[in-house]
Structure formats: structure tokens, C-alpha cells
There are 2 protein chains.
Amino acid sequence: MKASPVKNEDEPKDKRLKGGDAQKLTMAEVAKYVGVSAMTVSRAFRQDASVSEETRKRIMEAVDALGYVLDLSAGSLSSRRSGFIAALVPSINNSNFSDTARGITDALENTGLQLLLGYTDYSAEKEEKLIEAMLRRRPEGIILTGGSHTDRARRMLDKAGIPVVETWELPEEPINHVVGFSNSEAMSLLVRTLASQGYRRFGYIGGTTARDTRGSQRRSGFLKTVEELGLGPGRAISFGVPPITMEQGGQAIVSLLERWPDTEVVLCVSDLSAFGAIMECKRRGMSVPGDIAIAGFGDYEISSICHPSITTINVDCYGIGRQAAARLLDALQGSGEATGDEITLTGYRVVLRESTDRSAQ
Amino acid sequence: MKASPVKNEDEPKDKRLKGGDAQKLTMAEVAKYVGVSAMTVSRAFRQDASVSEETRKRIMEAVDALGYVLDLSAGSLSSRRSGFIAALVPSINNSNFSDTARGITDALENTGLQLLLGYTDYSAEKEEKLIEAMLRRRPEGIILTGGSHTDRARRMLDKAGIPVVETWELPEEPINHVVGFSNSEAMSLLVRTLASQGYRRFGYIGGTTARDTRGSQRRSGFLKTVEELGLGPGRAISFGVPPITMEQGGQAIVSLLERWPDTEVVLCVSDLSAFGAIMECKRRGMSVPGDIAIAGFGDYEISSICHPSITTINVDCYGIGRQAAARLLDALQGSGEATGDEITLTGYRVVLRESTDRSAQ
DNA sequence: TTCCTGATTGTTATCGATATCATTCCTGCC
DNA sequence: GGCAGGAATGATATCGATAACAATCAGGAA
């Protein structure tokens, strides 16, 4: 085991960008350097393989000295395991979904699987493109948000032959596994809770299109429940393309109050629009909940911090991520097991805060 | 479940999930189906290649009919082009960084390159792991946030021989390209602007550790400038591990005002902590800016919406992303050109709002 | 001593696409 | 009519790792 590697002619050592002469550094070269076969180097890279400690140590030292970095694209071709799973969320700039992403990441720890994240901007077309882009890299599983996909996307997913998990809602026609809850029932629960406190004239603020299917479900849950409670037709304002922003929440409540000035309480598709609505009210000199009560959905950090704090629905975002990943791992391991296209329900609960506090009125 | 298959001599061919028989669908089979060679199918998948329109059409129909999805992991091995670039951000749940990610995505449109996003949780160790994980998939370039990396990370990046762009700050020892601005000077500008309005007793709220290097730079810019203006030693409170949350902003301002009750204006490491601080003040019956003025950094949406609206520094987050991607693309194309380890400065500006409005005091 | 067993390491054939070079078939020009 | 030149397509080697099987070796059982 001499220190000096090979006695090759003085090759041009440094000719590229900066330090790099790694561009052609391959496993075979590490092997030659150590004096073993490439296969042994390959084995040294995984814990389970049978390589003597002594050899592994020498190999790893060489890897370090040479600066070798494993090439997964080559490895996954021959092993037929890409080593990653894909997750698509509507937006990365949304703490609900990033909590879900964190749940996935955590559940994947020590599985040898990596998460690849994509965001769809609430667009089924973008989702389709992303699904294709992901599938081209052969993920071992895929996690989607919602159950609304283009036909082509469904076909591709079907063909792919990998486990699929739809999250955050309960699709009518699940592709495979589902981890989520009924947005409609969650909103319904919020309506009933507030109605039981004496509120009668309910308003709703949400986005204009059906692109955000969770938003649509919350709206229909609202309308249905208001009807069921005999509280007249619900007063719903549609404003803005999802994701509806804070600012749009503010604009929407102005429209709503112009049209129905005697509204007592307004539910919003998310805490962000609720926050915008509350701030707009304060700006106009109205008191919340004194003059009007406002509630949101999602229990974002802002809702517990802001003044008044915002009544909302807390969703187990992180748990959705963990469970979705767990279902995926189940499916990947027990391939011989029962197929188990199961539906995993996740929890939610009403969080009552200042923004709907009757005693403050 | 059927009787346990004790004798599984003849391996069941198709026993998998749903529709999938695609697992073994390969380019060669598409080719056979159409009656051409695999090479022609490969060519049909890119616009530049020379395939007759007639043939391409037939191939694409077959692709559609069979449900074939290109396998990039095979392709990138032989072409030595992985087709993606990596970007690492501290947090995905932060609109500043997600704006940067959007800038990158947009700039990459129609380049045939895809973005792979990773988040480091403001940890250099996680960053190192992520860099390694990314490099194993051989990205064609990599975009980092900040200039603080572990030694091993620097070595790996150096060896990798791909363009690297550091963003969001101006590192002392850039690896390669830089797209960013001086956080220290930006904060300094904010101090000077407020000082010119008559503020004298300045406080600062930021995180406890140096993990968030941008935060550290803002703090030092604050301290230096307060000193330079002869406004005594700056009053800085350290609170919480980055990213400092809204809630921590609220707790921090309480500590700060306990210690230095006569503070006139408090600058915060980000709008989120500024928001938390403002809400805490209101909760305690203090008026902002009446009793105390508060400013943030980053110009998040919340700052223009909330009441009072928050004075802050607007950063060109999206532009950072676009330019970083543009530098990367430059480097990838003109490989023979001048090396050009250049520094691209991006803009920022003070946005004065209600939270520091002297006339309201 | 001889054979067997298990741990360790090596050899060879892929994985599925693409680079590269070769081939075929036209079209047009002298 | 013969040939240059270009467009379309095919054949083969290869990218860099890993699966699968083979080989080697030490130590113990027979």
C-alpha cells in the first residue's frame, strides 16, 4: 500500500474551471487507486454489503483523498432504483404545505430515499407537466396534493406502476392511496360551532375558480351547512385566482359588506385572506369582532400572533406529510402484501380565538 | 387474500399495482412498434434532431398509445447531461426565498433544465449533506444561499467542476459567481434613513446564532452605523434560533423594552419578527408608532397589509433568482469564454410605512 | 489430510438511452 | 450518366454503476 497512486505520465492536472479534475473521476479509478475491484468500492458505499472493515476504511480514505462523489444516475440505471420520491404541492410559499413537506422529509430519514419537491401553482396543467418531468426520472413513489388531475396525468401515473398518494382531501376517485380529510366537513364544523355561539348571518370569502379544489370543497361545505341550519342562503364572495392573497381578502370583505352590510361573521378560505380582511376592517375603523367576526382556515402562525388572534381550523399538516410518506414506504416494502388502496383520515379541529369572540362584542 | 403460494416456481409475471405494465416499456419497444430504430425514437424526442415530420408523428402516436415515458436516468448517463440544476435555500416556507425559487424556475423555462430544490434549515451541516446528495445526481450547476459553507462542502463543490452561484449576500471568499447585495449596507441604509427622520435611540432584534449569516450581517450593519452616527452603543437583543419566528419577535421586544425602556425605534432582522413585535406591543396596549416605532427587513406581503403597515427594506428576491439562473446559463454555454467569476449586485430600497411614521407620534 | 462453509472479493453482463460513425436514398448539376 | 452533397435513418460502442454469479481463502469438522 504505497502512498503514491499510479505512475502514469504527467497528465495535465489542472486545466478546467477551478480545482475540478473530478469530471472523469470514476469508481474504477478509486478502485485502481486502492488496489481492489470496482465492485468492492461499490459495496463499500452501502452499510449492508460484505466488505471487511479494513478494506472499507482504505476505500473511504481514498474516496476522501480523491474527492470522489458517487454517481447515482449510473447506479440507479443498473439497480433500477432511483432513490427518490416525488412530491407535488400547490405552492412552496405556504406554511401549510411546507409543513407537509417537512413531514415527508422527516419520515424519509434513514430510508435511503430523498424527497424531490415540485410546485404546481394550483394548476392542473402545471401539475401534469411536473408529473411527467418527475416520472422521467423514475421516482419510486409520488405524493400529490388533492385529487384533481388531468386525464393524461392519471394515465401516466397509472402506467408508472409506482405507489401514488393523494393528500389534503378525499378524492372521489382515488388513484391509489389517500391521506387527508374532508375540507367540506371541516368547514361545516366551523359553521356549526359558530352558529352554536349565536351567529346567524354568515358570509364567505374564497377564490373565483375551481382550480383550488380544497377551496371549492370548503365553500360547498359552507353553503350546504348554512342551508341545513336554516340560516338562509349563504353570502359568498368570490375574489381572485387561487391562492387568494391577503390583499384580496381585504378587497373581498369590502365587496361583501357593501352587498350584505348586516353580515355578522365571515369565514375565509384560508387564514391569509382572513388576516387581510381583518386588517382592512381595522383600517376602515371597524372593530373585529366588535362590528364583525372573521374566521380563517389552516391555523397559520400569523393567526395566533395577530391582534385580534384569528379563529380557524387547525389541520395536521405535518402529520399528513408523515403519513403520506409512511403509506408510500409500506407500499414499497410489502409489495407482496395486500394491495391496500386505503384511505387514511387525518385530524382537524376548530380553534376559537379573539376574532369571533362574542363576549367582546 | 388467496391461499399462500407455497410453490412459486413460475414467477407470476404481472402481479403489480394497477395498470402498470410500463415498468419494462423501453425505447426499443416503441421503436419496434413503429418499425424504426431506437435511435430514431430518441431523436424524435428532441426538437433539433433530424427526423422527418412524418416519422416523428408516427413515433409520437406510438408513444402516446403505449404510454411510454422517456427515461432520463438512462439518457443522462450516456449524454453526460443530467438536465437539472440544484438550488438550496434555508427555508421553503419563506416568501423571500420562494420568490427567488420562482425567479430561477422562470429563468430556466425553455432551457431544457429543471430545478431541484432543497432546503437547509439554516444549517451548514444540512447544507453539506444536501450538496452531496445533489452532486451525486450530477447537477449541471448549483445555486446556494449565502457564502457560509463547511470546508467539505467547499471541496466537493470545487471538485465538481460545475458553475456555482452564491446568492443573497456578498461572501468574502466567493466560490464562483455571486448574485446578491450587502445585507450590512442595506441595514445601514435603513438606520440612516430613520436617523435622518429624527430617531435617536435605536434597538435591534435578531437571532442568537451566526447560523443565519445574513442575519448576522444585518446586525453588524446596524451596530456599526449606530456607532458611526454617534448614537451610542446599539441596543441589540438576541432571541431564538434562526429563523426567528413571529412569536419570538414578540418575546424579544418585551425583553428589549424591559432593558431599555426609552428606546424609540426597533429594527428587526425580518418583517416576520417585526410583525410579532408590533402585535405584542398592541396586545400590551402600546401604540405603534405612537409609543415605539418598529421596522423590519424583506418586505413580505404581510408588511404592506398589516395595520400599522411596516417600514422595511424591499429586496429584489425574484430578481436574485432570475439573475442567478442567468449567470449559471451563461457559464454553461460559454464554457470556452472568459471565466468570469463575477459579482452581480441586486437592488434594495427602503420602504417607509406607518410603523415608523413620526407624524403619527 | 480432505472437504465444507462462510466471509470476502472479483468477473462479466447488463440497465436504457445517446454519441458517433456508417449507410441509404434522393436531388441537382455538369 | 455519374457524382457531390445533404437529409433521414441505422448499427454499434459506451456512459458508470450494480446484479448475479464465480472464485478465493481461512478455519474447522470429519
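In what follows, every chain begins at residue 1, and chains take the letters A, B, ... in the order their sequences are listed.
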Among the nucleotides C:dT18, D:dA17, D:dC15, whichever has the atom closest to the side chain of B:L77 is D:dC15

A:R137 atom CZ is separated from C:dC15 atom P, nearest whole Å, by 22 Å

Sugar-phosphate, base or nothing in reach of B:R138, heavy atoms under 4.0 Å
nothing

Which of C:dC15, C:dA17, C:dT11 is nearest the side chain of A:S37? It is C:dT11

| message | Considering every strand and a 4.0 Å limit on heavy-atom distances, what is the contact class for A:V36: base, sugar-phosphate, or nothing? | response | sugar-phosphate

Taken to the nearest whole Å, NZ/A:K32 to P/C:dT11 is 14 Å

(Q) Does A:S76 reach a base, just sugar-phosphate, or nothing at all? Heavy atoms under 4.0 Å. (A) nothing

- Task: Remember a base hit wins even if backbone is also touched, and classify B:R81 as base, sugar-phosphate or nothing at under 4.0 Å, heavy atoms.
- Result: nothing

In whole angstroms, the gap separating P of C:dT11 from CZ of A:R43 amounts to 11 Å

- Item | B:R137 side chain vs A:S73 backbone, donor-acceptor pair below 3.5 Å | no

Against the side chain of A:S79, the closest entry in D:dT18, C:dA17, D:dT9 is D:dT18

Regarding the side chain of A:T26, the nearest nucleotide among C:dC21, C:dA17, D:dA17 is D:dA17

Atom CG of A:D71 and atom P of D:dT18 are separated, to the nearest Å, by 9 Å

In whole angstroms, the gap separating P of D:dA7 from CZ of B:R56 amounts to 15 Å

Closest of C:dG10, D:dG10, C:dC15 to the A:S78 side chain is C:dC15

Taken to the nearest whole Å, CE/B:M39 to P/D:dA13 is 15 Å

Closest of D:dA17, D:dC21, D:dG10 to the A:L70 side chain is D:dA17

Which of D:dT9, D:dA19, C:dT8 is nearest the side chain of A:R46? It is D:dA19

Handout entry: Crowding at CZ, B:R81 (>12 non-hydrogen neighbours, <6.0 Å)
Key = no

Side-chain contact check for A:R80: nearest option of C:dG16, C:dT9, D:dG10 is C:dG16

With the side chain defined as heavy atoms from C-beta on, A:A74 is closest, among D:dG16, D:dA19, C:dG16, to D:dG16

Rounded to whole Å, CG of A:L72 lies from P of D:dA17 at a distance of 10 Å

Query - Criterion salt bridge (charged side-chain N to carboxylate O under 4.0 Å, His left out) on A:R152 and A:E132, from CA distance to verdict - result: CA-CA 10 Å; A:R152 182 151 166 275; A:E132 180 166 26; 2.9 Å; yes

Quick check on C:dA7: is either OP1 or OP2 less than 4.0 Å from any side-chain nitrogen or oxygen of A:S52? no

task = Decide yes or no for B:L135 and B:I162: does some side-chain heavy atom of the first lie under 4.5 Å from some side-chain heavy atom of the second?
result = yes

* To do: Identify whether any heavy atom of A:S50 sits under 4.0 Å from a base atom; if not, whether one sits that close to sugar-phosphate; answer base, sugar-phosphate or nothing.
  => base

Distance check: side-chain N/O of B:S73 vs OP1/OP2 of C:dA17, anything under 4.0 Å? no

- prompt: Between B:E128 and B:H149, is a side chain to side chain donor-acceptor pair (under 3.5 Å) present by the stated rule, with each step listed?
  reply: CA-CA 7 Å; B:E128 178 187 309; B:H149 322 287; over 6 Å; no

With distance as the sole criterion, is a donor-acceptor pair present between the side chains of A:Y318 and A:D106 under 3.5 Å? yes

Whole-Å distance, A:E54 CD to C:dA7 P, equals 19 Å

